[in-house]
Amino acid sequence: MSSSKAKYSHLTKRGANPGSGGGGRNMNTNRDYSINLSVQQVLSLWVQGTTLQHFAEMWYWVFLWCLFSSLVVHGAMGLLMLVMLQRHRRGRLITVVLVAVGFLASLSGAVVTSAAVAGVYRVAGKDMAPLQALVLGVGQTTLSVLLSFSRVLATL
C-alpha cells in the first residue's frame, strides 16, 4: 500500500494528472479544460482558446443566443401588442399573458434543441466556433417565428 502511495504521491503534490508524463513536464498532452460560461464572453463572441469544446459550453452558448434573440422578438411583439390593444379594456393583461406564455414556450424549446445541437457536435467530436453558436441560436428563434406564422400547426 505504501509503495503505491509513494509511487503516485508526486502527481497529487504537483497537481498533475496521471497521463501527463509525470508532473506536467510534457506540454503536448496538457489540454485547456477551462469552461467559458460567462454571459459577457457570449455577447462579445470571445472564447478562451478559439473554439467551444465541452458539451456544457456549446449548450450554454447556443441557448443564450437563442434566449437573447427570443427576448428581442418577444419584446418587439409585446410593444406592438401594447400599441394595438391600448384602447382595449384588458389590453395590458392580454399582452403580458401572451408574451409570457410565448416566451416560456420558446425558452423550453430552446433548452431541448440547444442540448440536441450540442450533443450532436460532441458525439461527432467537433468543436464549435462562437460564431456558429450565434448562428444556431438565432436560427432556432428564426425557425420558431417562421413556424409560428405559418399555417403548418393548424393542419396538425
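Residue indices begin at 1 and follow the sequence shown. Nothing here was measured: the structure is a model prediction, and the numbers come from that model.
Note: Leu85 CG to Leu80 CG = 9.0 Å, rounded to the nearest 0.5 Å. With rounding to the nearest 0.5 Å, the separation of CE in Met84 from CD in Gln86 is 9.5 Å. Considering SG of Cys66 and CG of Leu71, their distance stands at 10.0 Å, rounded to 0.5 Å. Atom CE of Met77 is separated from atom OG1 of Thr95 by 12.0 Å, given to the nearest 0.5 angstrom. Note that the CG atom of Leu131 and the OG1 atom of Thr51 stand 13.5 Å from one another [nearest 0.5 Å]. Of the inter-residue distances, the one linking Leu52 atom CG with Lys126 atom NZ reads 13.5 Å to the nearest 0.5 angstrom.
Taking Ile, Leu, Val, Met, Phe, Trp and Tyr as members and joining any whose side-chain heavy atoms lie under 4.5 Å apart, directly or through other members, Leu79 forms no hydrophobic cluster with any other residue.
Judged by distance alone, the side chains of Ser106 and Ser70 do bring a donor and an acceptor atom under 3.5 Å apart.
Considering all non-hydrogen atoms of both residues, Trp61 and Pro130 come closest at CZ3-CB, 3.5 Å. The minimum heavy-atom distance between Met128 and Leu136, with the atom names listed, is CE-CD1, 4.0 Å.
A side chain to side chain contact (heavy atoms under 4.5 Å, CB included) with Ser69 holds for exactly one of Val138, Thr142, Val145; it is Val138.
Aromatic ring orientation, Phe63 versus Trp59: parallel (interplanar angle below 30°, classes split at 30° and 60°).
Residues Phe103 and Val73 have side chains not in contact (no heavy-atom distance under 4.5 Å, counting atoms from C-beta outward). Counting heavy atoms from C-beta on, the side chains of Val72 and Phe68 never come closer than 4.5 Å. Within the 4.5 Å cutoff, the side chain of Leu143 has no heavy atoms near those of the Leu147 side chain.
Cluster membership for Val97 and Leu104, using ILVMFWY side-chain heavy atoms within less than 4.5 angstrom, is not shared. Taking hydrophobic clusters as Ile, Leu, Val, Met, Phe, Trp and Tyr residues chained together by side-chain heavy-atom distances below 4.5 Å, Met81 does not share a cluster with Val96.
Side-chain atoms of Arg122 come within 3.5 Å of backbone N or O of Gln53 as a donor-acceptor pair.
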